[in-house]
Amino acid sequence: METSTILNYLLFVPLAGALLLMVFPSANKNAIRYFGLFTSLVTFIISLLVYYSFDSGVYGFDKFQFEFKYSWISDLSISYYVGVDGLSLILVLLTTFLTPLTLLSTWNSIQIKVKEFTFFMLVLEMGMIGVFISLDLFLFYVFWEAMLIPMYFIIGIWGGERRIYASVKFFIYTMFGSLLMLVAIIWLAVYASSSTGYFTTNLLELYKVSPALGLDIQTYLFFAFALSFAIKVPLFPLHTWLPDAHVEAPTAGSVILAGVLLKMGTYGLVRFCLPLFPQASVEYAGWISLLAVIGVIYGALVAMVQKDMKKLVAYSSVSHLGFVVLGIFAFTPEGMQGAIIQMINHGLSTGALFLLVGFIYERTHTRQIADYGGIAAVVPVYSAVMLIVALSSIGLPGLNGFIGEFLILIGAFKSPVLSNWMYAIVAASGVIFAAVYLLWMYQRIFFGPVKKLELRGLTDMNGKELFIMVTLIIFIVWIGVYPTTFLQMTDKYSSALVNSILSVNGIIIR
Amino acid sequence: MTFTVHDLISLSPVLLIGVGILATLIIEMLVKESEKILGWFTFVLLLSVAYLSLILLDHTALVFEDKFLTGGRVNIFFFLFSFGAAVVSLLSMEYIKKAGIHFGEYYIMLLSSVLGMMLISGATDFIMIFIGLEQMSVCFYVLAGFNRRNERSLEAALKYFLLGSFATGFLVFGLGLIYGAVGSLSITEIVIGYETLKTSPLFLTGTLLFIIGFSFKIAAVPFHMWVPDVYQGAPTSVTALMSTTGKAAAFSALIIIFSPIIQAAYPSFFTPVISVLAVLSMLYGSIVAISQNDLKRMLAYSSIAHAGYMLIGLAAWNEKGVSGVIFYLVAYTFMNLAAFGLISLIEKRDLRGTEFSDYKGLGFKQPVLAGLMALTMFALSGIPPFAGFFGKYYVFLSAIEAGMTWLAIVGVISSVISVYFYLRLIVVMYFDNSDEIVMVTPSTSAMLGIMISVLLIIIMGVAPGSIINLINSTF
């Protein structure tokens, strides 16, 4: 095994930055902001370095690069074991890309307790990166849980009026799922010790052992894992924490929540549930896909009737993530590829939408759609940017959303496991609903006569805001026009994973 | 009875503390205003005892006519008791001054209780366990009522004394039955005769009564009734001592009684008993803690729940279970010491100020104290990367290895419930605002004690390997 220490830097630079922040005087807000931004940019550069030396030609779902292993708790053979493959790397890049942008966006909106905020953001970044690069289930669990703490504080301290309710609900909801997963992790490791001869939580070794489990045991473990991930995704009907958390969280919290945290759920499904329990995954693919499709439609319908912009975007997440889950459980390379790229798309588009809602909220202090109207003429740049982002979220060809949804739908149509076109057909209608709720919102906010006098005084986007948006839109267009750059990262991975699961189940690909 | 030099060396932690108690007595008598120096004297004494216990880890010896064992696991307990008590003495110095109970006797009682705990954990004879338990408990009764002008403190002492004596009754009765069955109270005798004993109703009933007696001390449901009132009423530094090392001592006794049993396969007779105790304690403790408004009371219920988690390790009763319980005890000791230490700082002169509402907005008025408190609460609720998480992981692991996954699942459910009330404190501290000004000037000694505890919480969460190694090396 080749070892590389670069991932350690990726993981510990944010932590070191957060700890160094402690010595800053709280009053010097700008120094704190600059330092936070600097740290996250360094992290981003490190992740780019990883990307440039990454070899996307490696075939296999259990082949990792830049591995680093260090025996952590030797008596229980738990190691600090990290590594990346295409799937991890693309999500790590999303994380390290969104974090500096988010920090930049809070320059004016976060004025109280700036030091604490930056500290929690950097710790959160470390936790998110840790989740994506852990190759030991114990280590993964530590990051998965530890990450709740900064997010909890971000919602609770800088959130809206009902922040206490939202943050506690978020915490307990996710904790419930994760603790059952912990039991499943231990169970799996204990089981594995009977065939390997020693207790281990090493993911790669468990990959080899666990598919041999009987279907009944696999089912229990699968659901213990899947519950935890489904809460995070969130899969209908486990989504109820999401609107509360999103609405009450500060803009930066919403962006990270939608952009990265939700992806951890789908990442978990792909990384753990599928390869560890291939039979159970296929056995229950129909049911999970059904929930995913219900989520697509339900999320869209509920989004349609929202009066609050942020809530609308929050419910649209439920709908979009339903697509991702459908793509994953289609068990086709296209579906998997679509799911992965859709994770990125959702991170970019929804992140951008939350930022845009945040920008205007800072000016007017209202998120009610009814309070707006006809502001297209007042803030032309803002409305143009909003239109691009909304269209990308809807899935207009040429922008990123289209690529992901199209691949997922192809995957669902061709799926040898679902073998029912209904999933794809119903899910496709979700795209139409997306157009309805987003364009309708757009129309009510931007078109028509200017509704209120004070709206005339709105200022358009400033340079910093425009910079953030342009950066995001570059990637939105890039993925839409030339997705190969991103798809090729996970191309080999997706087909290897799907093939292996199908062959374990004895399904021949049409 | 012959004493070799080796025996003397092995016994030195116990001897040192005995000599220390005598020295404290003399200092108390002869020196004016002795309470000023006794605090630091106690601290240094306990620290040296802790150090001695660690370096004598390999010095196994059977002394006092084979009634007392030192070395190995026993020394780990020695270390836990003396180090925990050392931290308590740090926390006490300013606190007892504030509470107006600044007397030298406080430290004498504290040291004597530690001696009692040591006698329990090293016992190889039931009589020794009994003597140690009484020594510890009597000191606790006195300490609980140490604030003799405070009604609640007196109530706590009386309640603790009455219920504690009741529990001792069970214990003595159990010992009587065991003696009747075995003809001896020596653990070795029991091991020898275990094959015939394990079906003897007399022996089993005796052991059951013994377990009940100690369930009082570890605060397991349904023998927990005294806990909330005593924890709340006793001076906070005393609660810190009782809830941590006191509980650890009782657990060490349970580990001893089960030790012979492990050698001849655990009888199915006690597994359900311990499991039921564990389940009841976890769920009852977590659920009732939700409705508490007083922090000390909330921690009392949380301590009941934690007893439940530790009982999982005993119910599983495999190697991981025992070392899991010991690890958990160490983690729990320092988590509770930190929590009670912080409470004792924020507590007001009239011993009020332990309610949740007293912590409103503390997060930004006292950022250091609140930060430490928040960290401790996360640790207690079992969130990684802190010590509490690893303790839970360890006992759940032992349960699953023993094929008792359901017990781990109950533990998990109870953990989720308990998150609510631990988070509640953080909500109050950080998400609530209040204009009330909290004037806390933490003393150096108390801060030192809290810092030591918090540092250990972090170390045991981030790098538990070395401590597990240490515990496992004693098997």
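Keep in mind it's a predicted model, so treat the numbers as computed, not measured.
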Any heavy-atom pair between the side chains of [Y] and [X] that's under 4.5 Å?
X       : Y       : result
Y430(B) : Y152(A) : no
I78(A)  : Y393(B) : yes
F153(A) : F431(B) : yes
R424(B) : V168(A) : no
L397(B) : L76(A)  : yes

Worksheet item: L180(A) versus chain B, heavy atoms under 4.5 Å apart: side chain, backbone, both or neither?
Response: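 Both backbone and side chain of L180(A) come within 4.5 Å of chain B.
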Discussion item. Does any backbone or side-chain atom of S193(A) lie under 4.5 Å from a heavy atom of chain B? Answer side chain, backbone, both or neither.
Written reply: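 For S193(A), neither part sits under 4.5 Å from chain B.
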Roughly how far, to the nearest 0.5 Å, is [atom2] of [Y] from [atom1] of [X]?
X       : Y       : atom1 : atom2 : result
L423(B) : I149(A) : CG    : CD1   : 9.5 Å
E401(B) : I186(A) : CD    : CD1   : 10.0 Å
M175(A) : I417(B) : CE    : CD1   : 11.5 Å

Discussion item. When you measure from the side chain of W72(A) to the backbone of V462(B), do you find a donor-acceptor pair of N or O atoms at a distance under 3.5 Å?
Written reply: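 Checking the backbone N and O of V462(B) against the side chain of W72(A), a donor-acceptor pair under 3.5 Å is found.
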Worksheet item: Of the listed residues (F171(A), W158(A), Y191(A), F176(A)), which shares the most heavy-atom pairs with chain B below a 4.5 Å separation?
Response: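 Most heavy-atom pairs under 4.5 Å with chain B: F171(A).
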Worksheet item: So which heavy atom on V183(A) is nearest to which on A408(B), and how close?
Response: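 Looks like CG2-O, 4.2 Å.
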Fill in: Heavy-atom closest contact (P464(B) atom, I73(A) atom, distance)
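Smallest interatomic distance, heavy atoms only, reads CG-CD1, 3.4 Å.
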Fill in: F356(B), CZ atom: more than 12 neighbouring heavy atoms under 6.0 Å
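Yes.
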Practice prompt. Answer yes or no: are there more than 12 heavy-atom neighbours, outside Y220(A) itself, under 6.0 Å from its atom OH?
Written response: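 No.
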Practice prompt. Heavy-atom distances under 4.5 Å only: say whether S381(B) touches chain A with side chain, backbone, both or neither.
Written response: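 The backbone, not the side chain.
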Worksheet item: Side chain, backbone, both or neither: which part of F389(B) has a non-hydrogen atom closer than 4.5 Å to chain A?
Response: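 Just the side chain, heavy atoms under 4.5 Å.
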Worksheet entry | K320(B) charged N/C atom sitting above F199(A) aromatic ring, 6.0 Å / 45° |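 The answer is yes, since K320(B) meets both limits relative to F199(A).
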Worksheet item: Should the ring pair F390(B) and F138(A) be called parallel, tilted or perpendicular, given that the plane angle runs from 0 to 90° and is split at 30 and 60?
Response: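 The arrangement is perpendicular - the two ring planes meet at more than 60°.
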Worksheet item: For chain A, which of P384(B), G382(B), G465(B) has the most heavy-atom pairs under 4.5 Å?
Response: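 The candidate making the most pairs under 4.5 Å is P384(B).
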